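The structure appears below as structure tokens.
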Amino acid sequence: MTIAFEVIKECKDTRARVGRLYTPHGVVDTPVFMPVGTQATVKAMSPEELEEIGAQIILSNTYHLYLRPGAEIIKEAGGLHRFMHWNHPILTDSGGFQVFSLADLRQINDEGVTFRSHIDGSSHFLSPEKATEIQMALGSDIAMCFDECPPYPASYEQVEKAVKRTSSWAERCLEAHRREDQALFGIVQGGVFRDLRERSAAELTALDFPGYAIGGLSVGEPKRLMYEVLDYTVPLLPASKPRYLMGVGTPDALLEGVKKGVDMFDCVLPTRVARNGLALTSSGKVVVRNARYARDYEPLDPECDCYVCRNYTRAYIRHLLKANEILGLRLTTYHNLYFLIRLMAKIRTAVMEGYFLKFAEEFMAKYLEKEV
Ligand SMILES: Nc1nc2c(CCNCC3CCCCC3)c3[nH]c(NCCc4ccccc4)nc3cc2c(=O)[nH]1
């Protein structure tokens, strides 16, 4: 069994649950936030720092690593874990989403996707088989099916076509998948159309994947619409298997997603906004680049106990960012990831001890009260 999941404790007044995901590279306590390491590194962080802040599992990506350095080099290096010196679980996305969001003009048909590299414009082709082969070569613990994520908004016909392709491609990925020590997760599509979500979930759960992602969300739809789709999509997925909501990562969305029964999340947001000088704090967002912090000798978050908040001031971090000093990016990234990973630990404790709903309400009241 490449991967096993057990629900440890269910919340009595929401769909939240605490679980444990057993993978070849270790155990993951869920709900979990997964830092994104697009090019085989979580930008500005060393693997040791990721361990220090409690990161349990990180993401990487078929599209990026296929283009550079190439799956062959990573395979020759002994796989992605050895290549990047990360000896804990890794989940790889299949590249479908990145082709649509990054690559230049592309041509998509039932066979797969032809696209031009965003790096050097060279022409490439990705199919369910190829995306599966690349992930087997990378050796991630969890691989994702090659899917089609329609944009938002999209017509019913467009979304229906993506559902049909996603289901047919899921079968082809299952067919091509040969690694016993790697789990393949299915991805449910269907946009914001309930009947298409039901169809996609039925077709994918029939294939009996060890875990399921909810795709096609966090693509520009209003948050309340994403929550509505979650309300009727999560119950369509087997309760005994992990549920992964792709691309979601603000504190409020993480709390809502956990409340609705989601176990796994990923988002580039905390690392990306960090590089723009925005820190996540328990009282809301602090844009530490702003002049107002030039003489502010408080930590990024006075209530945070991380290495950065114990040793540096907003004034110093602002100075580093304004001076384009690399340490500035490192400190804001370190804190933002610590903040989200710490939030997930607090959520797990709250569910275990039966006060999750109260915790969520109190956290949100404080977090949304102001842009500090
Ligand atoms: N297969 C697949 N992936 C999806 C992703 C990529 C998840 N992150 C992977 C990660 C791997 C390593 C490289 C980076 C990506 C999504 N991301 C979002 N929203 C992000 C919205 C967002 C939020 C903040 C900032 C930018 C974008 N919706 C998504 C839907 C899908 C989907 O249906 N299918």
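What you see is a predicted model; the values in this text were computed from it and never measured. Counting starts at 1 for both ligands and their atoms, in listed order.
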Report task. Between Thr92 and ligand 1, find which residue part has any heavy-atom pair under 4.0 Å and reply side chain, backbone, both or neither. Result -> neither
Query raised in the report: Regarding His319 and Glu325, is there a side-chain donor-to-acceptor distance under 3.5 Å anywhere?
Result: no
Query raised in the report: Is there a protein heavy atom less than 4.0 Å away from atom 32 (C) of ligand 1?
Result: yes
Query raised in the report: What atoms of ligand 1 come closer than 4.0 angstrom to any heavy atom of Gly216?
Result: 30 (C), 32 (C), 33 (O)
Report task. Please confirm whether Tyr297 and Tyr316 have ring centers closer than 6.0 angstrom. Result -> no
Requested in this report: Please indicate whether any nitrogen or oxygen in Asn61 is less than 3.5 Å from any nitrogen or oxygen in ligand 1.
Outcome: no
Query raised in the report: For Met144, is the nearest heavy atom under 4.0 Å from an atom of ligand 1?
Result: no
Query - Proximal candidate to atom 18 (C) of ligand 1 [heavy atom criterion; set Gly249, Gly247, Ala213, Ala40] - result: Gly247
Query raised in the report: Does a salt bridge link Glu111 with Arg172, judged by any charged N lying under 4.0 Å from a carboxylate O?
Result: yes
Report task. Please state whether the rings of Phe209 and Tyr212 are parallel, tilted or perpendicular, taking 30° and 60° as the class boundaries. Result -> perpendicular
Query - Test item, Leu217 contacting ligand 1 (heavy atom, 4.0 angstrom) - result: yes
Requested in this report: Say whether Gly96 and ligand 1 are in contact under the criterion: heavy-atom distance to a ligand atom below 4.0 Å.
Outcome: no
Report summary line: Under 4.0 Å from one or more heavy atoms of Val268, ligand 1 contributes atoms 14 (C), 25 (C), 26 (C)
Report task. Show which atoms of ligand 1 fall inside a sub-4.0 Å distance from at least one heavy-atom site of Arg272. Result -> 26 (C)
Report summary line: atom 29 (C) of ligand 1: closest protein heavy atom, distance to 0.1 Å, is Phe97 CE1, 3.4 Å
Report task. Could you please spell out the steps behind the side chain to side chain donor-acceptor pair (under 3.5 Å) verdict for Gln182 and Ser140? Result -> CA-CA 7 Å; Gln182 179 180 63; Ser140 49; 3.0 Å; yes
Query raised in the report: Against heavy atoms of Gly215, which atoms of ligand 1 measure under 4.0 Å?
Result: 32 (C), 33 (O)
Report summary line: heavy-atom search around atom 7 (C) of ligand 1 in the protein gives Asp266 OD1, 3.5 Å
Requested in this report: Could you tell me whether Ile187 approaches ligand 1 through its side chain, its backbone, both or neither, with non-hydrogen atoms closer than 4.0 Å?
Outcome: side chain
Query raised in the report: Purely on distance, is any nitrogen or oxygen of Gln98 under 3.5 Å from one on ligand 1?
Result: no
Query raised in the report: Salt bridge between Asp110 and Arg165, side-chain N to carboxylate O under 4.0 Å?
Result: yes
Query - Atoms in ligand 1 flagged as close to Leu59, the criterion being non-hydrogen separation under 4.0 Å - result: 9 (C), 10 (C), 11 (C)
Requested in this report: Taking only Lys NZ, Arg NE, NH1 and NH2, and the carboxylate oxygens of Asp or Glu, determine whether Glu157 and Lys161 approach each other closer than 4.0 Å.
Outcome: no
**Report entry** Distance filter under 4.0 Å to Val36 heavy atoms, resulting ligand 1 atoms
**Finding:** 12 (C), 13 (C), 14 (C)
Requested in this report: Decide, yes or no, whether a salt bridge links Arg199 with Glu160 under the criterion of side-chain N to carboxylate O below 4.0 Å.
Outcome: yes
Query raised in the report: Does Glu361 come within less than 4.0 Å of Lys358, counting only side-chain N to carboxylate O?
Result: no
Query - Taking atom 19 (N) of ligand 1 as the reference point, the nearest protein heavy atom with its distance - result: Ser218 O, 2.8 Å
Query - Of Ile347, Leu337, Leu343, the residue whose pairing with Phe33 passes side-chain contact (heavy atoms from CB on, under 4.5 Å) - result: Leu337
**Report entry** Residue pairs involving residues 216-226 (criterion side chain to side chain donor-acceptor pair (under 3.5 Å); sequence neighbours excluded)
**Finding:** Lys223-Thr250, Lys223-Asp252
Query raised in the report: Which residue supplies the protein heavy atom nearest to atom 13 (C) of ligand 1, what is that atom called, and how far is it?
Result: Thr38 OG1, 3.4 Å
Query - Geometric N/O contact Cys267 with ligand 1, under 3.5 angstrom - result: no
Query raised in the report: For atom 34 (N) of ligand 1, which protein heavy atom lies nearest, and how many Å away is it?
Result: Asp147 OD2, 2.7 Å
**Report entry** SB check Asp208 Lys241 (cutoff 4.0 Å)
**Finding:** yes
Requested in this report: Could you tell me whether Asp93 and ligand 1 have an N or O pair separated by under 3.5 Å?
Outcome: yes
Query raised in the report: Would one find an N or O of Tyr244, backbone or side chain, under 3.5 Å from an N or O of ligand 1?
Result: no
Query raised in the report: For the side-chain contact (heavy atoms from CB on, under 4.5 Å) test, which of Ile74, Val42, Ile58 pairs with Met84?
Result: Ile58
Report task. Step by step, work out the ring-ring contact (aromatic ring centres under 6.0 Å, His included) result for Tyr66 and His124. Result -> CA-CA 10 Å; Tyr66 157 75; His124 297 270; 5.3 Å; yes
